[in-house]
Amino acid sequence: MKKQAQIKSALAARLSAASVLSLSALLNLAPPAFAVQAPSSAQVQAAAALQFETEVDAFLADYWRLVPDAAVAAGRFEAAAQLPAPTEARRQALLIFCERWLQRLADLPGRLQAAGKSALTPAQLGDLALLDNHLRAMRWSMTELRSDQWDASESNVADPFAQLLNKPDYAPAGQRLAWIDQRLRQVPAYYQAALKQLKNPSPVHLKLAIDQLEGGLVLFREDIPKAIKQAGLKGEAAASLQRHNAQALRAVLAHIAALKRIDRSLEQSGGGRSFRLGKALFEAKFDYEIQASVDAAGLYQRALADKARLLQRMDELSEQLWPGLFGDAAKPADRFDKIGRVIDKLSERHVAPERFVDEIKSQIPALAAWVTAHDLLSLDPSRPLVVRETPAYMRGVAGASISAPGPLDPKGDTYYNVDPLDKYTPAEAESFLREYNHWMLQVLNIHEAIPGHYVQLLHANKSPSKIKTLFGNGAMVEGWAVYAERMMMESGWGAVDGKPSLEMGLMYAKWNLRVVSNAILDYSVHVLGMSESEALQLLEREAFQSKTEAKEKWHRAQVSSAQLSSYFAGFSEILALREQLKAQRGEAFKLKAFHEEFLSHGSAPVRMVRRLMLEQAAGLRN
Ligand code: ZN
Ligand code: ZN
């Protein structure tokens, strides 16, 4: 909140100070002395838009050049051959880059204005605010957080190699392998620098780094040799790749061995940095990444209040469901025991493992029809969602996920990737299916597909902003998907014979409780020093999660920070905005119009969308 206000007032000061002369010079218009007529505001806007695009492109060109990994992930390959080592010199170069662009972008609104008014649209000013935040976050991370000195898992070369291997539509195999060859040569220097940079490693992150490096070995041992063979490379091109691949593999193995030595010595001494961020760093990271209208402590309090409300509701629902499930059997006196028993019993209802993917396929059209019939949002039948089994190289990460076409590919299909369950033993599959039971599977599809992530992406693509696509706000994206669940429940999804389903109500509350617990866990672990047994108590007993899920979540809470909070942050902010607009607009409030207006701003932080929508609402009243 504070940071946003500063940016806003700085922009305002520049807007009033800038002169018409600098504008005409910038826009290549005739100087005022010779001008017979001032340019029309449409001309000024168009010229400003052009100049804005030019600046954004100049920034991105610079950014892609300096951060080739991010470029490759975004589908830009100009610098794909470069693998900069994480040296002190590189840190300095990145800091200079941040300073230079912070200044240059802050000057832009002042240069692009006319008659004391900004020539930039609110959307363009929003893009600038996002870039400003991104650059400040980068600078903060390199000067205050300094995770390069303690998080060994930050140094890993694998992902861009995998991207280059698996994106055949971007460049022919020969070209991609030539980039891979160039990159491979730089791997030894990369890991030497990474080791040197590691000053005070956190043992938890050290173990994560070792696991991930070992997991990535398959790339050098199998994937790259296979790609060389498949491309039919011969002679020097093939020999060079094989030689550099072998060197790279040796460098990774040496790095793993070095990290294991450090890990052993830290185990003996009991030393090393804590995985916990601590209050000051967590709160700053939360502000940069979540960009909410509350600070970290405020969100934590909000989550505690929601948890109490949800448990109250779950208690009532369990009371009502008990006789139908257990007849006269005595209810446990303990609230958590009672709710847990009811959830356990309901979880028996689930699809057969071999029906899992087909069941998801059949639910998507039903969700789409419901959203249309209940006037919640407009969908785009020309851009259908394709449900498919997750491609092999992407499996095992999320279970279910959406793959959207990148900003460079506006006509591509959107995929709903579902991992088939054949990777599981029968017992594991049973446990997974109990979790994604009859009711939960519907909530999952709402979250991932309709009207969750897939619909949000469809709408974001209608007002394409490179900046919001590349530097968009994760809390808004996840918050929307979580809000979509609530929207569907409120519209009566899951009702049986026209009556609200108690079972769906309870399962949805459990799902929502997970989102709330994630936020509580994040803050508790990094700021309040929560122990493992306290975390498992929160997740297993008080949020009804399986032991496996709770243990995985405890691990994730240690190795990530200010990420588990993003779902609840975005969700609670969207809900609050909706309620505020409902109160303000009264009879004129239309749910569908709210959803579409909200989504039209792209993946911007909710507090930014909120400001724009409230300004819009005020404008309508005037
Ligand atoms: Zn079963
Ligand atoms: Zn999601």
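Residue indices begin at 1 and follow the sequence shown. As the structure is a computational prediction, the values presented were derived from the model and not from experiment. Whatever order the structure lists them in is the order used to number ligands and atoms, beginning at 1. Side chains included, hydrogens not; waters and symmetry mates left out as well; all remaining heavy atoms used.
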Using a strict cut-off of less than 4.0 Å between a Lys/Arg side-chain nitrogen and an Asp/Glu carboxylate oxygen, indicate whether D344 and R434 qualify as a salt bridge. yes

Does E435 come within less than 4.0 Å of R514, counting only side-chain N to carboxylate O? yes

Output the atom name for the N/O/S atom of H453 with the smallest distance to the Zn ion (ligand 2). NE2

Restricting to N, O or S atoms of E478, which is nearest to the Zn ion (ligand 2)? OE1

Between W511 and Y508 (judged by ring centroids, cut-off 6.0 Å), do the two rings come close enough to count as a pair? no

E430 atom (N/O/S) at minimal separation from the Zn ion (ligand 1): OE2

Heavy atoms of other groups near K345 NZ, more than 12 under 6.0 Å: no

Under 2.8 Å: N/O/S of E448 next to the Zn ion (ligand 2): no

